[in-house]
Amino acid sequence: MKFIFLLCFSLLSACNSPKTNLQQKDLQEKQPITNYSKTFHYSNLHYSQTKYNLNKFLSYQTFNEFKMRGVGKPKMTPFVYVKKTRDTIIVIPSNDMSNVKVYYRQGNRWCNHINLELWKKGQPITKSSLEEPARTYDRICGNDTILEYQCNYLGNVKYKQFYIKTPKMCVNIKLIKELDFVNGGNTVYNEMLKFVHMFNHEREKLLMQHGQSKYDKRKIYCYSLQDKAHTFVYQCIEMNETLYFSKTSLGLFGIQPGIEKYDREHSQVAGY
């Protein structure tokens, strides 16, 4: 937990400062996701229409993606069905049996790929629309951290962003279109780990690099996460943005991935 507290403190105090880094001592003790030398394989990470025999699953109230384990006996609906083997974890929420999440082990971390509304690909999105476009998420979970690379398909343009999540914070990094995550395939997960390394140790370089235009630079936005009685609240002071999420018996697992499942009516969204 020491790593999480230090990360939260650094984000709260100076999120956009290139001088804000986690202490090397704590990085060694908790082994955060900063080692990007390992090879992650992209094959077989996509959702399959397999029908699962739930008799072989265990039931839990929710699933903790920071710890990668089921939590609590199911006392309320919805809950989750979980099946774990040495190299895979399958999680199915009881209220949406088609929403199957499959995690594949890579070392001491777990990788997960999610496709959402890909039928919208190529469709124009109006600037004022609050609807989500076609999008994909590549995710690394475990070690008290969730990493997410999100790619939105806006007409013929890809809009990419990267999230670093702890149980109390969320960092949103706006990416450079022609520099970041351009190779795809097997390189995606290594690049995700590289971004965490740069965020922790090379913040100035992360913010100074630019695309074809010198103004096309990465931007970092930090959200604090508040756990209230009936809602989760993500608040970003830099963007003057407050996002409200309905809390169910699935807890934080129920509002993943990204930060897209907010209440459109009651939230204060930057730019709207």
Tell me whether [X] at atom [atom1] has more than 12 heavy atoms from other residues, nucleotides or ligands lying less than 6.0 Å away.
| X | atom1 | answer |
| --- | --- | --- |
| L179 | CG | yes |
| Q212 | CD | no |
| N156 | CG | no |

Check your understanding: Where do H113 and D138 land on the side-chain hydrogen bond (donor to acceptor under 3.5 Å, both in side chains) test, with the steps shown first?
Key -> CA-CA 5 Å; H113 180 88; D138 289 287; 2.7 Å; yes
Is there a side-chain contact between [X] and [Y] in this structure, where contact means two heavy atoms from C-beta onward sitting under 4.5 Å apart?
| X | Y | value |
| --- | --- | --- |
| R139 | I146 | yes |
| I164 | C170 | no |
| I92 | L54 | yes |
| I89 | Y104 | no |
| T62 | N64 | no |
| S224 | M169 | yes |
| R203 | L207 | yes |
| L206 | I173 | yes |

Does the [X] side chain pair with the main chain of [Y], one donor and one acceptor, at a distance under 3.5 Å?
| X | Y | value |
| --- | --- | --- |
| R69 | K67 | no |
| S249 | P78 | yes |
| S94 | F79 | yes |
| S98 | D96 | no |
| S213 | Y215 | yes |
| R218 | L175 | no |
| T187 | N183 | no |

Out of curiosity, [X] [atom1] to [Y] [atom2], how far, rounded to the nearest 0.5 Å?
| X | Y | atom1 | atom2 | value |
| --- | --- | --- | --- | --- |
| M208 | K205 | CE | NZ | 12.5 Å |
| T231 | L243 | OG1 | CG | 11.5 Å |
| S59 | K73 | OG | NZ | 12.0 Å |
| Q256 | L252 | CD | CG | 6.5 Å |
| E178 | H210 | CD | NE2 | 10.0 Å |
| E148 | N172 | CD | CG | 10.0 Å |

Contact summary for [X] and [Y], nearest pair of heavy atoms:
| X | Y | result |
| --- | --- | --- |
| F253 | F63 | CB-O, 3.3 Å |
| P257 | L116 | CG-CD1, 4.3 Å |
| M68 | K84 | O-NZ, 4.2 Å |
| W110 | R86 | CH2-O, 3.9 Å |
| D144 | P167 | O-CD, 4.0 Å |
| Q235 | Q226 | OE1-NE2, 3.3 Å |

Could [X] and [Y] be counted as a cation-pi pair, given that NZ or CZ must be under 6.0 Å from the ring centre and within 45° of the axis?
| X | Y | answer |
| --- | --- | --- |
| R105 | Y103 | no |
| K247 | F232 | yes |
| K121 | Y153 | yes |

Check your understanding: How about Y221 and Y234: are their ring centroids closer than 6.0 Å?
Key ->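 Distance test on ring centres: not under 6.0 Å, no.
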Point to revise | Aromatic centroids of F162 and F195 separated by under 6.0 Å | key: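 Yes; F162 has its ring centre under 6.0 Å from that of F195.
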**Study point:** V171 vs F199, side-chain contact (heavy atoms from CB on, under 4.5 Å): CA-CA, chis, key distance, verdict
**Key:** CA-CA 10 Å; V171 178; F199 179 81; 3.8 Å; yes
Exercise for review: Examine the side chains of T85 and D87 and answer whether a donor and an acceptor come within less than 3.5 Å of each other.
Suggested key: no
Practice item. Given salt bridge (Lys or Arg N to Asp or Glu O under 4.0 Å), test E238 with K219 step by step and report yes or no. Key: CA-CA 11 Å; E238 300 102 313; K219 296 180 181 179; over 6 Å; no
Review point. Q150 and Y137: side-chain hydrogen bond (donor to acceptor under 3.5 Å, both in side chains), yes or no, with the steps?
Key: CA-CA 5 Å; Q150 179 188 14; Y137 286 89; 3.0 Å; yes
Are [X] and [Y] connected, step by step, through hydrophobic side chains (Ile, Leu, Val, Met, Phe, Trp, Tyr) whose heavy atoms are closer than 4.5 Å?
| X | Y | value |
| --- | --- | --- |
| V269 | I259 | yes |
| L58 | L250 | yes |
| Y81 | Y52 | yes |
| V102 | M97 | yes |
| L193 | V182 | no |

Does the pair [X]/[Y] count as a salt bridge with the N-to-O cut at 4.0 Å?
| X | Y | result |
| --- | --- | --- |
| R264 | E132 | yes |
| K160 | D180 | no |
| D216 | K177 | no |
| E117 | K120 | yes |
| E65 | K165 | no |
| K168 | D227 | no |

Practice item. Assess whether side-chain hydrogen bond (donor to acceptor under 3.5 Å, both in side chains) is satisfied between E241 and Q268, documenting all intermediate values. Key: CA-CA 5 Å; E241 184 167 84; Q268 178 179 328; over 6 Å; no
Practice item. Output, in order, the C-alpha distance, side-chain angles, deciding distance and verdict of side-chain contact (heavy atoms from CB on, under 4.5 Å) for T136 and N152. Key: CA-CA 7 Å; T136 61; N152 293 330; over 6 Å; no
Practice item. Report the C-alpha separation of N108 and N143 in whole Å, then their side-chain angles, then the decisive distance to 0.1 Å, and conclude whether the side-chain contact (heavy atoms from CB on, under 4.5 Å) test is met. Key: CA-CA 8 Å; N108 63 343; N143 287 359; 3.5 Å; yes
Point to revise | Verdict with reasoning, E265 to Y244, per side-chain hydrogen bond (donor to acceptor under 3.5 Å, both in side chains) | key: CA-CA 9 Å; E265 182 178 352; Y244 294 91; over 6 Å; no
Check your understanding: Relative to the ring of Y149, is the ring of F181 parallel (under 30°), tilted (30 to 60°) or perpendicular (over 60°)?
Key -> parallel
Check your understanding: Could you go step by step and tell me if Q61 and V80 meet the side-chain contact (heavy atoms from CB on, under 4.5 Å) rule?
Key -> CA-CA 6 Å; Q61 187 58 68; V80 293; over 6 Å; no
